[in-house]
Amino acid sequence: MSAASAGVSTYQAIYAVVRRIPRGRVASYGQVAGVAGLANAARQVGYALHALPAGSAVPWHRVLNARGAISLPGYHGVTQRLLLAREGVRFDARSRVDLAQFGWRPRRSPPSGRKGRS
DNA sequence: CTAGTGACCCAAC
DNA sequence: GGTTGGGCCACTA
């Protein structure tokens, strides 16, 4: 059952999913949102992580965007990259991670099927 | 209650 | 290949 439907706050649900990400692996915002029960709420994952206090037990640095790149601006972005590098995650010349290898693959219903544009 | 914003995502141009 | 535009949901004012 999804943490969101378990009566837990949205933030807590997101944090719970991020906390499940194994070391040396990365997940996308949309993927975390899907597992957390917020299928199309990838933005809220970023919003929740943005509100995440420093020093928390949540490995927020393992969360990247759908392209495997860091969306975080400035200082935090560099910090995230260093933390991932410390866990063995390699970035390519374009500062992107190979999701085919480092991407986290939970057994949940993957968020697929979007409308996009008219 | 409405309006604005965002560490996003996807499809079309 | 990069750029543009729209849409989703949750939170704050």
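Just so you know, these numbers come straight off a predicted model, no measurement behind them. Numbered from 1 within each chain, the chains take letters A, B, ... in sequence-line order.
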A.B. asks: Return the value, rounded to whole Å, for the distance between atom CD1 of Ile14(A) and atom C1' of dC11(C).
C.D. replies: 11 Å
A.B. asks: Using the side chain to side chain donor-acceptor pair (under 3.5 Å) criterion, which residues pair with Arg43(A)? Sequence neighbours excluded.
C.D. replies: none
A.B. asks: Leu84(A) and Leu64(A): side chain to side chain contact (heavy atoms under 4.5 Å, CB included), yes or no, with the steps?
C.D. replies: CA-CA 11 Å; Leu84(A) 289 173; Leu64(A) 301 174; 4.1 Å; yes
A.B. asks: Only pairs at least two apart or in different chains count here, so list each side chain to side chain donor-acceptor pair (under 3.5 Å) that has a residue in residues 90-99 of chain A.
C.D. replies: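 Qualifying pairs: Arg81(A)-Ser95(A).
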A.B. asks: Figure out the CG/C1' separation between Asn40(A) and dG6(C), and round it to whole Å.
C.D. replies: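 So the CG-C1' distance, Asn40(A) to dG6(C), works out to 14 Å.
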A.B. asks: What integer distance in Å separates Leu72(A):CG from dA7(B):P?
C.D. replies: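 Atom-to-atom, Leu72(A) to dA7(B), this comes out as 8 Å.
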A.B. asks: What pairs with Arg105(A) under side chain to side chain contact (heavy atoms under 4.5 Å, CB included), at least two apart in sequence or on another chain?
C.D. replies: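 Listed in chain order: nothing, the list is empty.
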A.B. asks: Quick one, which residues of residues 76-101 of chain A touch DNA chain B with a heavy atom under 4.0 Å?
C.D. replies: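 Those residues whose heavy atoms fall under 4.0 Å from DNA chain B, taken from residues 76-101 of chain A, amount to none.
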A.B. asks: Mind running a 4.0 Å heavy-atom check of residues 47-63 of chain A against DNA chain B and sending the residues that fall below it, in number order?
C.D. replies: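 The stretch gives Leu49(A), His50(A), Trp60(A) as the residues lying under 4.0 Å from the strand, ordered by number.
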A.B. asks: Measure the distance from CD on Gln31(A) to P on dC10(B) and round it to the nearest whole Å.
C.D. replies: 11 Å
A.B. asks: Can you figure out which of dC8(B), dA7(B), dC11(C) approaches the side chain of Ala42(A) most closely?
C.D. replies: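 For Ala42(A), the side-chain atoms sit closest to dC8(B).
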A.B. asks: Among dC8(B), dC9(C), dC11(C), which is the nearest nucleotide to the side chain of Ala41(A)?
C.D. replies: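 So the nucleotide nearest the side chain must be dC9(C).
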A.B. asks: Quick one: list whatever passes side chain to side chain donor-acceptor pair (under 3.5 Å) with Gln101(A), sequence neighbours left out.
C.D. replies: none
A.B. asks: Per the side-chain contact (heavy atoms from CB on, under 4.5 Å) rule, which among Ile21(A), Leu72(A), Val26(A) passes with Val63(A)?
C.D. replies: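 Checked Ile21(A), Leu72(A), Val26(A) against Val63(A); only one passes side-chain contact (heavy atoms from CB on, under 4.5 Å): Ile21(A).
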A.B. asks: What is the distance from CG of Asn65(A) to P of dA7(B), rounded to the nearest Å?
C.D. replies: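 So the two atoms are 13 Å apart, to the nearest Å.
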A.B. asks: Can you list every pair that meets salt bridge (Lys or Arg N to Asp or Glu O under 4.0 Å) and has a residue in residues 63-75 of chain A, with sequence neighbours left out?
C.D. replies: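 Those involving residues 63-75 of chain A do not exist here.
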A.B. asks: Which residues pass the side chain to side chain donor-acceptor pair (under 3.5 Å) test with Ser56(A), not counting sequence neighbours?
C.D. replies: none
A.B. asks: May I have the distance from Arg67(A) (atom CZ) to dA11(B) (atom C1'), rounded to whole angstrom?
C.D. replies: 14 Å
A.B. asks: So does Ser71(A) get a side-chain nitrogen or oxygen closer than 4.0 Å to the phosphate oxygens (OP1/OP2) of dC8(B)?
C.D. replies: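 So the side-chain polar atoms of Ser71(A) do come within 4.0 Å of the phosphate oxygens OP1 or OP2 of dC8(B), strictly under.
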A.B. asks: Which nucleotide, dC8(B), dC10(B), dA10(C), lies nearest any side-chain atom of Tyr11(A)?
C.D. replies: dA10(C)
A.B. asks: For Ser71(A), check side chain to side chain donor-acceptor pair (under 3.5 Å) against everything at least two apart and list the hits.
C.D. replies: Asn65(A)
A.B. asks: Taking CZ from Arg43(A) and C1' from dT12(C), how many angstroms apart are they, rounded to a whole number?
C.D. replies: 15 Å
